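Remember, predicted model here, so these are calculated numbers, not experimental data. Just so it is clear: chains get the letters A, B, ... in the order the sequence lines come, proteins before strands, and each one is counted from 1. Atoms considered below: every heavy atom in the structure, side chains included; atoms not considered: hydrogens, waters and symmetry mates.
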2 protein chains.
Amino acid sequence: MSAEGEELAGWARMLADGTRATVCLALLDGRAWTATELAKLAKVSRPTISEHLNLLVAGGLLTEVRQGRHRYMKLAGPETAELIEGLAALAPRRTEVANSLSAVSKRDAFARARTCYDHLAGRLGVALADAMTERGLIDWSDGIALTPEGQAWLEDLGVQVEVRRGRPAVRSCLDVTERRPHIAGAVGAALCSHALHHGWVTHISGGRALKVNGAVQAFGLSSGV
Amino acid sequence: MSAEGEELAGWARMLADGTRATVCLALLDGRAWTATELAKLAKVSRPTISEHLNLLVAGGLLTEVRQGRHRYMKLAGPETAELIEGLAALAPRRTEVANSLSAVSKRDAFARARTCYDHLAGRLGVALADAMTERGLIDWSDGIALTPEGQAWLEDLGVQVEVRRGRPAVRSCLDVTERRPHIAGAVGAALCSHALHHGWVTHISGGRALKVNGAVQAFGLSSGV
DNA sequence: CGGACAGTTAGGCCCCGACCGAAGTAACCC
DNA sequence: GGGTTACTTCGGTCGGGGCCTAACTGTCCG
């Protein structure tokens, strides 16, 4: 087997275990989880989860912050989050029949609006990206970039974009449910936190799903979300 | 572990083995390889490769055509190819120090121009995508699409685009070396075969790397390839 | 037909890695 | 201090899977 092959395989192995994949998927909500929470979620013992977390940190997918007796785990960064989200979108889904009433409504809420790491996703996220494109706020001609109009629009809304070295202002991220791009990067994060802060969207029961309050109007989207 | 986690993991497991990863990477050249060729490449016995190929076919990544005593293996389709190419681009590369003269020149040729499954990649592929965008031949506003001008340009060049149900005319594909998109899809394939047919590019020593003859002029690209 | 070649099946080896319980360390709190 | 909680380390079990050799099926060709 070739060196490149071994490299690709080594990376894929990180996600080739159900427990690790579950952990990564859970961390897509952008929050920091403790080891015990993850153990409970993945239904394995604490020693076992500890080992997996060590692996994922060594593999560069996760970072940890130790505070007292707690070990808080997060995805290493937006790129990692987008990579995992992208992979989950690409992997063909065969199962998914769950048809209980609560499961269906959960799934619907998830597809309508949710967070993807630190930005908006689901139909809401994609609609926002579409609207911004249509109004010339985003320029896709060379990769993806914010236009001067886009800059002005953000200022008008009062959105504070936190500029950080090494993080692109705007990035596209493949949406898991819509299979079309939504807006990530610093701007995506700023829009999401702005919307949360103003109550335009609110988290439903601690998961990634969002309740859409005034976001459609506030962002001036057409109705179909 | 969750159902989704198990699903993602099951898929990742396909590429989590060095031998299988090597096979998939090799098949990125878009050609059909026989089982024995792949066994030799991956440095395993024929029974071993046979088992791996069965797995990959069952997993939907590869398809096979049996002719007489030969078993020809191909990637299942352009989507699969783009998925693997994308993954390889995203996976962080740590190694890669090989500095012998021949290795360096090989790598340079590969980065300059190559095929990616059935379309053009490397600096040439990315430059072509850039030029087409700049001239308004491609519209990125809603995903990616060919403009009427783009249609006309292809006709002027005499490029025959083979329309096939289910395959988008134009798709973007993340370039492994450039980390920026190049043109895939039916149009990408047509441009590549057109260029090969007219000798604008030619394959170097049986690999994926291409020698650039008249392609820069023929496509009207600026010099920097 | 008989030999060469492509690929598969069968059987067995062996290692890796996922998992657990028990014991150890370290922080927090009364 | 002593009890509780969070996490890690250690030692060990167990199953899966990647690999091989040897023997078999099937195809091509002289």
Side-chain angles (χ1 to χ4, degrees), chain A residues 1-27 31-59 61-74, chain B residues 1-27 31-59 61-74:
Chain A
M1 61 194 89
S2 67
E4 308 163 325
E6 206 47 63
E7 199 169 308
L8 175 55
W11 189 88
R13 249 187 293 269
M14 285 287 128
L15 292 175
D17 173 76
T19 302
R20 285 195 296 272
T22 300
V23 166
C24 289
L25 252 20
L27 290 175
R31 286 179 303 187
W33 293 51
T34 65
T36 301
E37 285 171 337
L38 291 169
K40 208 169 177 185
L41 173 80
K43 299 196 176 88
V44 293
S45 71
R46 274 167 297 186
T48 303
I49 208 70
S50 182
E51 224 173 302
H52 284 304
L53 296 179
N54 287 341
L55 267 178
L56 287 166
V57 169
L61 278 89
L62 263 48
T63 54
E64 58 185 5
V65 176
R66 296 194 185 227
Q67 262 174 43
R69 54 184 168 178
H70 294 280
R71 182 189 194 181
Y72 291 102
M73 311 301 307
K74 292 187 63 167
Chain B
M1 60 195 90
S2 68
E4 308 162 325
E6 206 46 64
E7 200 169 308
L8 174 55
W11 188 88
R13 247 185 294 269
M14 284 289 131
L15 293 176
D17 174 78
T19 303
R20 285 196 296 273
T22 300
V23 165
C24 289
L25 252 20
L27 291 175
R31 288 179 300 187
W33 292 53
T34 65
T36 301
E37 285 170 338
L38 291 170
K40 209 169 176 184
L41 173 78
K43 299 197 175 86
V44 293
S45 70
R46 273 165 299 186
T48 301
I49 208 70
S50 181
E51 227 172 298
H52 284 302
L53 296 178
N54 286 341
L55 268 179
L56 288 166
V57 169
L61 278 88
L62 264 48
T63 54
E64 57 184 9
V65 177
R66 297 195 185 228
Q67 262 174 45
R69 55 183 167 178
H70 294 278
R71 183 189 192 181
Y72 291 102
M73 310 302 307
K74 292 187 63 167

Give me the distances for all protein-to-nucleotides 21-30 of chain D N/O pairs that come in under 3.5 Å?
unit_1 : atom_1 : unit_2  : atom_2 : d
D:dT27 : O2     : B:Arg69 : NH1    : 3.3

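- Of the candidate nucleotides D:dG18, D:dC7, C:dG7, C:dG7 has the atom lying nearest to any side-chain atom of B:Thr36.
- In this structure, B:Arg71 does not reach the C:dC5 phosphate: none of its side-chain N or O atoms is under 4.0 Å from OP1 or OP2.
- Every side chain to side chain contact (heavy atoms under 4.5 Å, CB included) that B:Thr34 has, sequence neighbours left out, goes to B:Thr36, B:Glu37, B:His70, B:Tyr72.
- One atom, CG of A:Leu38, and another, C1' of D:dA6, lie 13 Å apart when rounded to the nearest Å.
- Applying the side-chain hydrogen bond (donor to acceptor under 3.5 Å, both in side chains) rule to A:Arg13 yields the partners A:Glu6; only residues at least two apart in sequence or on another chain are considered.
- Counting only heavy atoms from C-beta on, B:Leu55 has its side chain closest to D:dG18 among D:dT8, D:dG18, C:dA18.
- How far CG of A:Leu56 is from CE of A:Met73: 7.5 Å, rounded to the nearest 0.5 Å.
- Side chain of A:Ser2 to main chain of B:Thr22: no donor-acceptor pair is present (N/O by atom type, distance under 3.5 Å, no hydrogens or angles).
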Run B:Leu27 and B:Leu62 through side chain to side chain contact (heavy atoms under 4.5 Å, CB included) and show every step you take. CA-CA 9 Å; B:Leu27 291 175; B:Leu62 264 48; 3.8 Å; yes
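- Taking atom CG of B:Asn54 as the reference point, atom P of D:dG17 lies 14 Å away to the nearest angstrom.
- Residues passing the side chain to side chain contact (heavy atoms under 4.5 Å, CB included) test with A:Leu8, sequence neighbours excluded: B:Ala21, B:Leu25, B:Leu87.
- Per the geometry, CG belonging to B:Asp17 stands 17 Å off P belonging to D:dG16, to the nearest Å.
- At D:dT5, none of the side-chain N or O atoms of A:His70 fall inside 4.0 Å of OP1 or OP2 (strictly under the cut-off).
- Qualifying side-chain hydrogen bond (donor to acceptor under 3.5 Å, both in side chains) partners for A:Thr63, counting only residues two or more places apart in sequence or in other chains: none.
- Put simply, B:Thr19 has a side-chain N or O that comes within less than 4.0 Å of OP1 or OP2 on D:dC19.
- Among the protein residues, A:Arg20 comes within range of the sugar-phosphate backbone only, with heavy atoms under 4.0 Å from sugar or phosphate atoms but none that close to a base.
- What separates NE2 of B:His52 from C1' of D:dC20 is a distance of 12 Å, to the nearest Å.
- Between the CZ atom of A:Arg66 and the C1' atom of D:dC7 there is a distance of 8 Å, rounded to whole Å.
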Could you run down the sub-3.5 Å N/O contacts of the protein with nucleotides 12-14 of chain C?
none

